[in-house]
Protein chains: 2
Amino acid sequence: MPDIHASASDLKRSDLARLTGCNLETIRYYEGIGLMPDPPRTASGHRRYGTAHVERLSFVMRARDLGFTMEEIRGLLSLVDRGSHTCAEVERMGRHHLDVVRAKIRGLQAIETVLAGTIARCTGADTPDCPLLDVLNDGQRKPAPIERASE
Amino acid sequence: MPDIHASASDLKRSDLARLTGCNLETIRYYEGIGLMPDPPRTASGHRRYGTAHVERLSFVMRARDLGFTMEEIRGLLSLVDRGSHTCAEVERMGRHHLDVVRAKIRGLQAIETVLAGTIARCTGADTPDCPLLDVLNDGQRKPAPIERASE
DNA sequence: CCTTGATCCTGTAGCTACTACAGACCCTAC
DNA sequence: GTAGGGTCTGTAGTAGCTACAGGATCAAGG
């Protein structure tokens with residue numbers, strides 16, 4: 001039967017993982033790179049977490065879900081940890097990230113356009129001629145087979 | 001002065017890099033993972049490439065530009081190398097990749113929606129209160145007031 | 001009290017797709 | 001002949017985890 005006191009504080013690593021949805025090993029990783037503070041330990045060296053750790057890790061997870069890089073999350077956390085952050089600062093970081101996200105979307109949409117347009121011309125027949133291969137070969141003929149030296 | 005014969009065949013690795021726009025080291029990497037065939041060597045061990053290598057690497061580069069993974073590119077190349085590929089096969093791989101690309105777009109658009117909607121409520125003031133931090137601290141309490149694109 | 005099985009610990013290797021460097025060798029021009 | 005590049009190999013580093021090996025420890029059943 002699970003420890004009834006584990007829901008408030010005194011959490012094991014597996015409890016923290018379960019409560020946050022974070023992978024067990026990732027918690028240790030975040031600790032290693034300094035995103036999560038070193039937790040207190042039992043006499044035998046086992047990590048014990050409290051509600052502050054749950055909140056901290058949840059913050060990291062939500063930032064991660066929004067696509068922030070570890071470096072950006074580190075920046076957000078250090079702003080908050082500093083205790084004197086402003087909405088303007090946070091907004092600036094958010095806007096920068098939004099720009100990155102939108103650039104990624106545009107890049108993928110460009111790919112989608114080419115890919116969808118090309119595949120639409122595919123016959124789906126059992127012939128070697130293929131518009132997609134033509135695009136990959138850049139409008140040229142079929143690739144000349146290379147005699148492979150080894151492998 | 002550069003070798004005047006280097007444009008047709010007998011290319012050095014740096015020539016191949018220049019002609020394809022591929023990074024010098026990446027060529028060796030592609031050779032290592034078997035995407036590019038082991039090229040012939042001079043007596044002293046220097047790689048020499050021909051036009052077939054240029055075409056092959058260009059194919060890889062274009063597939064890469066379209067976001068295909070190395071594994072997918074390997075699949076495309078092995079189809080072509082087999083010499084008996086069909087448009088249907090290539091199309092199937094292309095459609096699968098297109099699905100992946102579209103899923104990525106949807107994921108990023110969901111992020112964009114939340115991020116843009118949240119940042120729009122930022123005051124940009126010198127106060128610690130910040131809608132973006134609210135979302136990161138507790139995704140439930142103050143969600144962005146915008147309909148979420150499903151998935 | 002002892003055993004068993006689950007969980008915890010540490011360190012390290014693996015993943016993708018490169019990129020970069022160190023140190024040795026080679027090649028070409030002057 | 002020598003100076004400077006280019007090329008060779010192997011290895012390490014990047015992001016962001018994830019997974020395992022091999023040992024220590026914990027919690028419950030007998």
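Order of the sequence lines sets the chain letters (A, B, ...), proteins ahead of strands, with each chain counted from 1.
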If you round to the nearest 0.5 Å, how far is CG of A:Leu24 from OG of A:Ser14?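 One gets 6.5 Å once the value is rounded to the nearest 0.5 Å.
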Rounded distance in Å - [atom1] ([X]) to [atom2] ([N]):
| X | N | atom1 | atom2 | result |
| --- | --- | --- | --- | --- |
| B:Met36 | C:dA17 | CE | C1' | 16 Å |
| B:Leu35 | C:dA17 | CG | C1' | 10 Å |
| B:Leu57 | C:dC18 | CG | P | 11 Å |
| B:Ile27 | C:dT19 | CD1 | C1' | 13 Å |
| B:Asp65 | C:dC18 | CG | C1' | 14 Å |
| A:Phe68 | D:dG16 | CZ | C1' | 17 Å |
| A:Arg64 | D:dG16 | CZ | P | 11 Å |
| A:Leu16 | C:dC9 | CG | P | 11 Å |

Counting any heavy atom closer than 4.0 Å, what does A:Thr42 reach on the DNA or RNA strands: base, sugar-phosphate only, or nothing?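 No contact.
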For C:dA17 and B:Tyr29 - does any side-chain N or O of the residue sit under 4.0 Å from the phosphate oxygens OP1/OP2?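 Indeed not, no polar side-chain atom of B:Tyr29 lies that close.
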OP1 or OP2 of D:dA19 sitting under 4.0 Å from any side-chain N/O of A:Asn23?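 Yes, within the criterion.
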Along nucleotides 4-10 of chain D, 5' to 3', which nucleotides get a B, which get an S, and which get a -, given that the test is a protein heavy-atom distance under 4.0 Å? ---SSBB
Would a 4.5 Å heavy-atom cut-off, applied to side chains only, mark B:Leu77 and B:Val60 as touching?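 They are in side-chain contact.
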Do A:Leu133 and B:His85 make a side-chain contact, defined as non-hydrogen atoms from C-beta onward lying under 4.5 Å apart?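 The answer is yes, as the side chains (C-beta and beyond) meet within the 4.5 Å cut-off.
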Between the side chains of [Y] and [X], is the shortest nitrogen-to-carboxylate-oxygen separation below 4.0 Å, so that they form an ion pair?
| X | Y | value |
| --- | --- | --- |
| B:Arg28 | B:Glu25 | yes |
| B:Arg62 | B:Asp65 | no |
| A:Glu89 | A:Arg82 | yes |

Residue pairs fulfilling side-chain hydrogen bond (donor to acceptor under 3.5 Å, both in side chains) with at least one residue in residues 100-117 of chain A, sequence neighbours excluded: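 Every pair satisfying side-chain hydrogen bond (donor to acceptor under 3.5 Å, both in side chains) with a residue in residues 100-117 of chain A: A:Arg102-B:Glu112, A:Glu112-B:Arg102.
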